[in-house]
Amino acid sequence: MRTEAETRRRRIFEIIEVGAGDDKISRAYDFISALLIVIYLAVSILDTYDAIRAEIGWLLGTIEALLVVFFTVDYILRVYTAKYLHPDRTPGGAIVRYIFSFAGIIDLLSFLPYYLPFFFPAGAIAFRMFRVIRIFRLFRINTYYDSLNVITEVLSAKKQQLISSVFIISVMMIASSLCMYSLEHEAQPEVFRNAFSGIWWSVSTLLTVGYGDIYPITTLGKVFSIVITFLGVGMVAIPTGIISAGFVEQYSEMKKRGEYIEESDVRFMKIHLDPGDVWVGRTIGDVQALLPQGMLIAAVRRGGETLLPKSDTILLIDDVVVVGAEPVRDHENLDLTEITLGAHNPWVGQKIRNLDISRRTLVVMVRRGEEVIIPDGDLAFAQGDKVFLYTARRVDGAEKIRV
């Protein structure tokens, strides 16, 4: 059983991580975090204006200190709950994994430069320059909004193509620098002093910026510069085309997933756990292993809270378990017959095993008031029972149900 401390730690993790749509506290924390990141950046920008700093510098300093405290507490809580972020690792390994992850480094650098001058006063000026690193905290916003996550997904999916294009551009820059050195060194020895002195020229030309501070003066140099300029247009177009194609593919994939979900028609049912249910006291992982293939536990409603299905969550009395199942893809419908037993029905008071029914007729389920009964041979029918049959013959007064 999970202790109260572990339950509290788990809840802290659910709050500080990106929240589910129905977890209002977690979603509020996400919104506040994103807002404070924007405020943090705004304070950093306003602090660069001498007039503003002279007038309200104390206010900017106070806001910055409060924000740093918030980000410090946020970092400590993320370290504290790291084992839930990486459940496949030991508690210590999960902490190390988070600290040295990209998100962990960003979280640390967002507040660490603020404290360094207190411990090393001699380097206060240098540490203040390091505080520009806090701009990287903006990457945290990317985790709060799915639309921004598309950028990360595209770059990750196209990283091999992007690396190849960067390699080609690098080769072009070095080659053009060497060629321009050979063509221009004698005419401009003070400008093209060595093979790498033309790197700046090749970068500005290939990327079609062309600052004009370094340029060829010989005829061959000018002709070569024209060729490199045309190649530069193509060099820039390569990564641009890769990223553009990646966005198109990503949004097409998202659209397909959306259409698939709409067409899938997954069926859901709610199961209320009474004290005698065999699921009570078992974990969701154990119960899931007992379900047929194609069925899964989608959520658990406990009181006024909706729990996402975790394998170690223990089911309790009065839980409402939401189970989903895909419909069977066949072309034959199963017809059930529903019979409501009146006072004079000959089945009233008889056990199922004593009924004179065909071997091709099966009693599937009996509904008695609000209770649903899975029948066995010793079940005796009562007046008002609704009996669901699978039968191949016609039954008078029955209603067909198509499954």
Side-chain angles (χ1 to χ4, degrees), residues 41 44-45 47-49 100-103 105-106 109 113 125-126 128-142 147-255:
L41 180 62
S44 302
I45 295 173
D47 193 52
T48 62
Y49 290 86
F100 291 99
S101 66
F102 180 71
I105 293 174
I106 289 176
L109 293 179
I125 298 178
R128 187 169 182 84
M129 294 175 60
F130 291 154
R131 286 161 70 177
V132 73
I133 299 175
R134 59 192 170 189
I135 193 175
F136 288 109
R137 185 78 188 188
L138 284 171
F139 284 105
R140 263 292 173 188
I141 298 180
N142 190 50
S147 57
L148 296 178
N149 284 330
V150 175
I151 300 174
T152 305
E153 293 175 2
V154 169
L155 294 179
S156 177
K158 299 296 181 181
K159 61 182 179 181
Q160 296 296 336
Q161 295 92 323
L162 290 174
I163 291 174
S164 299
S165 65
V166 170
F167 175 76
I168 294 173
I169 293 175
S170 300
V171 171
M172 289 293 299
M173 287 192 300
I174 295 174
S176 61
S177 175
L178 289 170
C179 292
M180 188 57 69
Y181 168 78
S182 302
L183 296 173
E184 294 291 323
H185 175 65
E186 294 184 3
Q188 301 184 81
E190 71 286 353
V191 177
F192 294 91
R193 288 188 292 270
N194 50 54
F196 288 95
S197 61
I199 287 288
W200 172 249
W201 169 85
S202 63
V203 169
S204 61
T205 304
L206 280 171
L207 299 181
T208 67
V209 178
Y211 289 107
D213 52 342
I214 299 178
Y215 55 89
I217 60 176
T218 64
T219 302
L220 287 177
K222 291 178 180 180
V223 172
F224 181 74
S225 180
I226 292 173
V227 174
I228 293 300
T229 303
F230 277 103
L231 290 176
V233 175
M235 292 298 101
V236 173
I238 291 176
T240 303
I242 292 173
I243 295 176
S244 300
F247 273 105
V248 172
E249 292 177 6
Q250 188 66 28
Y251 280 111
S252 298
E253 183 66 22
M254 291 171 62
K255 183 178 179 181

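We count residues from 1, following the sequence as given.
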Look up atom [atom1] in [X] and atom [atom2] in [Y], then write down how far apart they are to the nearest 0.5 Å.
X	Y	atom1	atom2	answer
Thr219	Leu183	OG1	CG	10.5 Å
Ile226	Ile228	CD1	CD1	11.5 Å
Thr218	Gln188	OG1	CD	8.0 Å
Ser164	Gln160	OG	CD	6.5 Å
His185	Glu190	NE2	CD	10.0 Å
Tyr181	Ser176	OH	OG	15.5 Å

So which heavy atom on [X] is nearest to which on [Y], and how close?
X	Y	answer
Ile242	Lys158	CG2-CB, 3.8 Å
Cys179	Phe224	CB-CZ, 3.4 Å
Ser165	Leu162	OG-O, 2.7 Å
Phe192	Met180	CE2-CG, 3.3 Å

TODO: Could you walk me through whether Leu231 and Met172 pass the side-chain contact (heavy atoms from CB on, under 4.5 Å) test, one step at a time?
DONE: CA-CA 9 Å; Leu231 290 176; Met172 289 293 299; 3.3 Å; yes
TODO: Please check if atom OH in Tyr49 has more than 12 non-hydrogen atoms from other residues, nucleotides or ligands closer than 6.0 Å.
DONE: no
- [ ] Look at the side chain of Ser202 and the backbone N and O of Ile199, then say whether any donor-acceptor pair between them is shorter than 3.5 Å.
- [x] yes
TODO: Using atom types as modelled and distance alone, determine if a side-chain donor or acceptor of Thr229 lies under 3.5 Å from a backbone N or O of Ser225.
DONE: yes
- [ ] In sequence, state the C-alpha distance, the side-chain angles, and the governing distance for Val191 and Trp201, and then conclude on side-chain contact (heavy atoms from CB on, under 4.5 Å).
- [x] CA-CA 10 Å; Val191 177; Trp201 169 85; over 6 Å; no
